[in-house]
Amino acid sequence: MGACRGIEVKEVTSSYDARAIEGRVQEFWRAADTYAQVKDLRRSGRQFFFVDGPPYTTGNIHLGTAWNKIIKDAILRRHRMCGKNVVERAGYDMHGLPIEVQVEHQLGFTSKKDIETYGIDRFIDRCREFALANMAVMSEQFRALGIWLDFDNPYQTLKKEYIEAAWWTLAQAEKNGMLERGHRVVNWCPRCETAIADSEVEYDDATDPSIYVKFPVKGADDEYLVIWTTTPWTLPANVAVAVHPEIVYALVAARKDGVEERLWIAEALVEEVLRKGRYQDYDVVRTVAGADLAGTAYGSPLADAVPAQKEIDHRVVLADYVALENTGLVHTAPGHGWDDYLTGIKYDLPVLCPVDGTGRFTTRGGAFAGLYVKDPATNRQVMDALGAHLLHEGKITHRYGHCWRCKTPIIFRATEQWFIKVSEIRDTLLEEVGKVTWYPDWAGSARFYDWVRDARDWCISRQRYWGIPIPVWQCDTCDARRVIATVAELEEASGQAVPDPHRPYVDTVTVPCACGGTMHRVSDIFDVWFDSAVASWATLGYPGRTEEFEKYWPADFITEGQDQTRGWFYSQLGASTVAFGRAPYKSVLMHGFALDADGRKMSKSLGNVVAPEEVITAFGVDVLRLYVLSANAPWDDLKFNWEGVKTVNRALNILWNVYRFPLPYMALDHFEPAKGNDGRWDETAVGRTLAAMPDEDRWILSRVNTLAAGVEADFAGLNLHRVTRALVAFVLEDLSRWYLQIVRPRMWLEEDAPEKRYAYETVYYVLRRLVCLLAPFTPHLVEEIYGNLRCEGDPASAHMLDWPTADAALIDTPLETAMAVVRAFDDAVATARQDGKRKLRWPVVEVVVATDAATVREAVARLSALCATRANAKTVTVVAGRWERIGWKAEPVMRVLGPRFGREAPKVKQAIEGADGNALKAALDADGTATVGDCEVTPEMVAFTEELPEGVFAAAMPDATVYVDVTLTPEIEAEGYAREVVRRLQEMRRQRDLKVDENIAAEIVIGDARVAALVRGMTGLIGGEVRARSLAVRDGAALPGAWELTAEWEVEGVPMLMGISRAEN
RNA sequence: GGGCCCGUAGCAUAGUCGGUGGUGCACCCGGCUGAUAACCGGGAGGUCAUGAGUUCGAGCCUCAUCGGGCCCA
């Protein structure tokens, strides 16, 4: 590319080949490190701190992950083009149970014991390897998508620097009194043998027993409280029965097979419960409010099987959550239920939890010791042990929680865990939610707000191995505890070097206590959600480094899927509020989920998963990017649809064609865009020649600036779908289908005419604008185009260009309005011609636009030459009201004539039909009455329809009717045939592979003397169009000369023979 | 069971302030042939999920129901 490099150097001939382009462009970016160059370029710009939500390193990315990163990339690319210094790093979530489960799988482990036998150190090495290997794969996949985040230096939750951010955060929580060690009921996975967070519980249908149990009331014979439960295995832990204070309960005497029992059941539910128990009849003994039942003592029907139950002082307690369902009395086991636990605290009930970490009954479980609670056989044994106390047993299918990684049904267990006391700062959290800008608004104001409002304390401890160790050291002697904030602090306090802050290494580090005892680390690790919760400061190296944190934090923007409402949006808010008292982000875009074409979740088991690579292989990265961004609003779920992908591909193909179409002509003419002294493209040049430019040039210049303004507005609301659709519509509708069609003849001009240069300048301007506007969405295609268009002083990459703002001086709204009218006119003419079976190639004598609308009249007047060209009409005229050649035809209205004229009616009918419609209408309009034959008629007796003259066809357009007269005249026929001949000679030139500027000699023999004469008269025009140095036209049936190429044609039924040869220029 | 979102032609989608429901794909018919393994025009196709309500007027506002999604109990 020499000094005079312009766009003439490369003529692009192939069609849009996304894969080839993307390969070239990615190589170009890699070789020049364009990403780094762009960051350097914007270094001094206004800062924009973005935090990447870290994907979990479990393997290949899926469509949703791709969409997520594409959204991020598009938004960040635009910020950079707007001059912002975008501060970002890719991030990865690399700890946690999901990886442990995968590694256990690889090693064939089934329990924690297997891991400990294998060795925790070896186990976490495997976990680390697994995470790092997956990270490498994922980074490559993201790079292939053209994602510009820092993948060379991503933040990784397993790094020491990152772990310290988590430690420090917990130390802050301790300092602020937000950390608590507590005995709580938690979701517990018996396979993973750990507590799991609410957010890690996945609900699925499960079938469980549905049983009604009689608890014997103490001090009364044959009197029972009837409870219902789906978890028989929790009955050994029962300590109370809860009733609602305001529900009315009935004591009924129920009889079955001659035996009478007295049962307490909510009054409204008596019939239903007794039916289940197959009681034959009953009497209500008395009714009382639930409040009056409080304190009633009862015994456990399992007292024999479970000795621990004998120590319990069972009684009835009150609770508001009791609903009028089942029996209205609720079995309460504080060791196995959240509500139960709270009720237990309220009434100071004992917490009985005879179940161990593996989900088996302990010795406290008496006869059931050693049995796995979720085993159906265990429930069976419990039910059997209930004996006659089991009033009814059935089955129920309901939603039951499962461990989100290993799918094991969870249980509730009361255990010692570490908590962040989120419930105490709920008001602050809600206040912070309100300060954040949410896209869309309801994501924050409704969805997230509701979630935060109902938030419970956050259980952050897990009894596992691969995670950030909880940095709490506790004294064996005095029970004092210390939360360590950094590795350095630990090394100092312990006097030991700590090369790896993971388990098992930190577990052996001890710290001397002030009391003289020794502090050991608690064995738990963090909930993995705590890892990502600290990302916004961990990614800045805080607390290790403070400068960047002080400069950039909090994040200007984050965006993740709607599932992160409970996840990352929340965990970050919680951790940040505990540590810093404020939200760690200023704005959040919540995007949707990627679903299949039927709106179903993509899942391996359904076999409906579409991998990003499938789309990339078939259509390319830019097509995928533009598709996912334009298919729907970011916050709606994406219903993946191959048809939609194809459509986007077609649109980009048209863009490619639009780009490459003018190149050969520009090359031929050595066109060089206007440049400033710095060798950069001078984008202000078109503004200076505007007055001299043709309407269509000024129109497309106006349109592209109007487009820029609209894009700006839509970007502000993150309406990425509207932005991308507007861009595609512009390319298709305005640029390809309209402007380019109009300027094509100007590009073909041979002489150096100003209107040709204007066309070049205009197309160049529009393409340069499009390069910028599309850069965030189709970065590869844009780079390829820009590489060919750029002037020698322009930046090396399209992504170093500044975002274009709309140039008000180029916007001409009245012209845009007028052009819209002309396009409607164009469509109407096409419709009318189709009716009249007259091809566009054949000129028509006259086109008339009948309208009363000033907009239409003015538009056609202003752009009359364009209208005539588009319509291929000798004249285009506008008439107000009706066109005088349109006649009225009078039709009798028999429904009126019949009753009025009786037997005379047929005569009147005939008279009306025979009348001059125009005259009759005029008379009726003028006088309200007229005489036809010898009858007096009034307007309601006659209907008028339009009568088009022979050869005239009409079509409607907004506010106007277009009439096209397709009548043939010798001149028109001559021109029509001439154009038919031209087309065929051009086709032959193309077959001979002639260059656009090569000359030919030609001969045409026509098998119809009249047509031959007509064509002969057009020799000059034909010769000019096809660059013929000589052109002979004769009539006959044989082509005498020797030609390089000959062809037989039939034109409108007339046989023609043509021969062409190359001629010297 | 609860919160939020979505439901518009075969498919996908737009619809701002409540004022005659648009667009793309597919389909049918046609055109163009110097963008050509392209491109363009025309046509047909609607119970705006269902049912009530508010209103002169509802795709839009209200309520209920049904279906889908995310999250929760």
Side-chain angles (χ1 to χ4, degrees), chain A residues 12-16 198-199 201-203 321 323 325 337-339 398-401 440 442-451 453-456 561-567 569-570 590-601 627 630-633 635-648 650-651 653-665 721-722 725-726 728-729 732-733 736-738 740-741 744-745 747-748 826-835 837-841 955 979-980 982-987 989-990 994-997 1025-1027:
Chain A
V12 180
T13 49
S14 57
S15 64
Y16 177 53
D198 289 342
S199 51
V201 178
E202 196 175 87
Y203 290 85
Y321 55 79
E325 301 169 338
W338 178 249
D339 284 334
H398 59 161
R399 308 284 285 175
Y400 192 85
W442 52 259
S445 62
R447 182 180 263 239
F448 193 55
Y449 188 93
D450 288 351
W451 166 253
R453 187 191 53 211
D454 298 335
R456 300 191 296 195
Q562 52 183 312
D563 55 328
Q564 297 303 330
T565 303
R566 69 165 178 175
F569 297 160
Y570 176 69
M590 185 198 77
H591 67 75
F593 249 57
L595 310 174
D596 75 4
D598 298 325
R600 310 227 162 236
K601 203 170 165 175
Y627 169 70
S630 62
N632 48 254
W635 40 84
D636 284 336
D637 289 342
L638 171 72
K639 286 191 225 165
F640 183 85
N641 182 291
W642 279 106
E643 279 307 316
V645 178
K646 279 186 208 159
T647 305
V648 169
R650 208 161 300 159
N653 188 42
I654 291 177
L655 172 61
W656 182 257
N657 286 333
V658 162
Y659 150 68
R660 75 189 178 100
F661 165 73
L663 293 181
Y665 308 106
H721 60 311
R722 287 160 65 147
R725 287 169 185 183
V728 168
L732 264 46
E733 298 292 332
S736 169
R737 288 177 195 164
W738 193 247
L740 226 51
Q741 302 312 315
R744 278 160 75 154
M747 300 243 179
W748 300 334
D826 188 52
D827 289 347
V829 168
T831 309
R833 273 178 168 273
Q834 200 165 325
D835 271 0
K837 301 201 190 326
R838 185 69 70 228
K839 302 177 191 177
L840 189 55
R841 196 157 48 226
R979 290 179 69 157
E980 297 283 2
V982 167
R983 201 210 102 203
R984 285 164 176 85
L985 289 173
Q986 298 285 29
E987 171 65 22
R989 284 183 62 109
R990 204 165 61 83
L994 297 182
K995 292 241 171 58
V996 184
D997 56 338
E1025 290 280 321
V1026 303
R1027 296 184 76 106

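Keep in mind it's a predicted model, so treat the numbers as computed, not measured.
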### Over all atoms of both residues, closest heavy-atom pair of A/Val648 and A/Tyr627
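Residues A/Val648 and A/Tyr627, closest heavy atoms: CG2-CA, 3.8 Å.
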Tell me the interatomic distance from [X], atom [atom1], to [N], atom [atom2], rounded to whole angstroms.
X: A/Phe448; N: B/C71; atom1: CZ; atom2: P; value: 15 Å
X: A/Leu840; N: B/G30; atom1: CG; atom2: P; value: 17 Å
X: A/His591; N: B/C6; atom1: NE2; atom2: C1'; value: 17 Å
X: A/Asp450; N: B/A73; atom1: CG; atom2: C1'; value: 14 Å
X: A/Arg725; N: B/G22; atom1: CZ; atom2: C1'; value: 13 Å
X: A/Asp637; N: B/G68; atom1: CG; atom2: P; value: 14 Å
X: A/Asn632; N: B/C6; atom1: CG; atom2: P; value: 12 Å
X: A/Gln564; N: B/C5; atom1: CD; atom2: P; value: 20 Å

Complementary nucleotide of [N], counting Watson-Crick and G-U pairs under 3.5 Å:
N: B/G67; answer: B/C6
N: B/A38; answer: none
N: B/A12; answer: B/U23
N: B/A52; answer: B/U62

### Nearest-nucleotide 5' precedence on RNA chain B, A/Ala446 against A/Arg983
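Of the two residues, A/Ala446 wins.
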### Query
In terms of the nearest nucleotide of RNA chain B, which residue is placed more toward the 5' end: A/Ala443 or A/Tyr400?
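It is A/Ala443, whose closest nucleotide lies nearer the 5' terminus.
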How is [X] classified with respect to the nucleic acid when contacts are heavy atoms under 4.0 Å: base, sugar-phosphate, or nothing?
X: A/Glu987; result: sugar-phosphate
X: A/Thr647; result: sugar-phosphate
X: A/Arg989; result: base
X: A/Asp826; result: nothing
X: A/Ala955; result: nothing

Using atom [atom1] of each nucleotide, how far apart are [N] and [M] to the nearest Å?
N: B/G22; M: B/G59; atom1: P; value: 13 Å
N: B/G10; M: B/G45; atom1: P; value: 11 Å
N: B/G2; M: B/G21; atom1: C1'; value: 35 Å
N: B/A44; M: B/A58; atom1: P; value: 26 Å
N: B/C40; M: B/C25; atom1: P; value: 8 Å
N: B/G19; M: B/C60; atom1: P; value: 11 Å
N: B/G53; M: B/A14; atom1: P; value: 30 Å
N: B/U8; M: B/A49; atom1: C1'; value: 10 Å

Give a yes or no on whether the backbone of [Y] and the side-chain of [X] come within a donor-acceptor separation of less than 3.5 Å.
X: A/Arg838; Y: A/Arg833; answer: no
X: A/Glu733; Y: A/Trp738; answer: no
X: A/Gln986; Y: A/Glu1025; answer: yes

What's the closest nucleotide to the [X] side chain, out of [options]?
X: A/Arg447; options: B/G42, B/C70, B/A73; result: B/C70
X: A/Asn641; options: B/G34, B/A12, B/C71; result: B/A12
X: A/Lys639; options: B/C71, B/U13, B/A26; result: B/U13
X: A/Asp636; options: B/C70, B/C32, B/C5; result: B/C5
X: A/Trp451; options: B/A38, B/C71, B/A26; result: B/C71
X: A/Trp442; options: B/C5, B/A14, B/A26; result: B/C5

#### Entry: Nearest-0.5 Å distance that lies between atom CG in A/Leu732 and atom CZ in A/Arg725
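Answer for the CG-CZ pair, A/Leu732 versus A/Arg725, is 14.0 Å.
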### Query
Is any side-chain heavy atom of A/Leu638 less than 4.5 Å from a side-chain heavy atom of A/Phe593?
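Not touching, per the 4.5 Å side-chain cut-off.
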### Task
Anything under 30° is parallel, anything over 60° is perpendicular, the rest tilted; go ahead and classify A/Trp656 against A/Tyr16.
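A/Trp656 vs A/Tyr16 ring planes: tilted.
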### Message
For a quick check, tell me whether the side chain of A/Arg737 and the base of B/C39 share a donor-acceptor pair closer than 3.5 Å.
### Response
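No.
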### Message
Can you tell me if A/Arg722 touches the phosphate of B/G15, counting only side-chain N or O atoms and a distance under 4.0 Å to OP1 or OP2?
### Response
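It does, given that an N or O in the side chain of A/Arg722 lies less than 4.0 Å from OP1 or OP2 of B/G15.
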### Query
Quick one: is B/A37 close enough that its OP1 or OP2 comes under 4.0 Å of any side-chain N or O from A/Arg650?
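False: A/Arg650 side-chain N/O out of range (4.0 Å or more) of B/A37 OP1/OP2.
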### Message
Check this for me, if you would: do A/Arg984 and A/Glu980 make a salt bridge, where the nitrogen-to-carboxylate-oxygen distance has to be below 4.0 angstrom?
### Response
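Salt bridge flag = yes for A/Glu980 with A/Arg984.
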